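Every chain is numbered from 1, with letters handed out A, B, ... down the list of sequences. Predicted, not measured: the structure shown is a model, and the values here were computed from it.
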Amino acid sequence: GEDVEQSLFLSVREGDSSVINCTYTDSSSTYLYWYKQEPGAGLQLLTYIFSNMDMKQDQRLTVLLNKKDKHLSLRIADTQTGDSAIYFCAEMRMNRDDKIIFGKGTRLHILP
Amino acid sequence: SQTIHQWPATLVQPVGSPLSLECTVEGTSNPNLYWYRQAAGRGLQLLFYSVGIGQISSEVPQNLSASRPQDRQFILSSKKLLLSDSGFYLCAWSGASGTSAHNEQFFGPGTRLTVL
């Protein structure tokens, strides 16, 4: 299919690492994104990775890309209560006029 | 710097009433503009996108329409709302193809629409 797939829920204890996984389908994708949506708000771009990269790190965030398996992950180190949000994986598809296709989002719940 | 505005922030409308949601972008020219809907418990669904004034592409058949009367204004409309139109509507912009901002989408704060 053409979907970007990600699990809907993830619960993590405060201080642990969170790993949110995503699979995509289009091998022509150029950019892959992680967006964060806090309750009642719009989406905020967290980070993105170009398709010729394997990894990108930005402070507590690490993005891993396995292009062969079309698998993208977001690792949040030392998860904090402020990380509680919905995280969207997305891909830009060159064969669809560079439109960005979003997954359904993973709701990250932080346990005390 | 660029900013994107949406209004109203929340809206409660009866079934069969018209709709007009507005989105404006400041600080950039000739942006690509997008309307998304986020239904409860579901992901983002791209409804419309526009690469220029008067140029609208529809992604899915539906009860809604979009217009772009000015370069940085994008309007989502309906003549008669359905219950299924309820949701969180997000406007977004990106730079035109070939610009440095082409590869990111920047989202507005959203409009929560409830159709009763």
Tell me whether [X] shares a hydrophobic cluster with [Y], the cluster being built from Ile, Leu, Val, Met, Phe, Trp, Tyr side chains joined at under 4.5 Å.
{"X": "B:Ile75", "Y": "B:Leu113", "answer": "no"}
{"X": "B:Leu83", "Y": "B:Leu76", "answer": "yes"}
{"X": "A:Phe88", "Y": "A:Leu64", "answer": "no"}

Throw together a table of side-chain donor-acceptor distances under 3.5 angstrom for residues 9-23 of chain B, partners on residues two or more places apart or in other chains.
residue	atom	partner	partner atom	Å
B:Gln13	NE2	B:Ser17	OG	3.4
B:Gln13	NE2	B:Pro18	O	3.0
B:Ser17	OG	B:Pro14	O	2.7
B:Glu22	OE2	B:Gln73	NE2	2.7

A:Ile101 CD1 to B:Leu46 CG distance, which is reported to the nearest 0.5 Å: 6.5 Å
Distance in Å, A:Met92 CE paired with B:Glu104 CD, rounded so as to fall on 0.5 Å steps: 9.0 Å
Residue-level contacts of residues 40-61 of chain A with chain B, using a heavy-atom cutoff under 4.5 Å: A:Gly40, A:Ala41, A:Gly42, A:Leu43, A:Leu45, A:Tyr48
Please give me the minimum heavy-atom distance between B:Tyr36 and A:Ile100, naming the atom from each residue. OH-O, 3.6 Å
When you compare the side chain of A:Phe102 with that of B:Gln38, does any pair of heavy atoms fall below 4.5 Å? no
Return yes if some donor-acceptor pair links the side-chain N/O of A:Tyr35 with the main-chain N/O of B:Phe107 below 3.5 Å, else return no. no
Decide yes or no on side chain to side chain contact (heavy atoms under 4.5 Å, CB included) for A:Gln37 and B:Leu90, but give the supporting numbers first. CA-CA 11 Å; A:Gln37 184 183 32; B:Leu90 288 158; 4.3 Å; yes
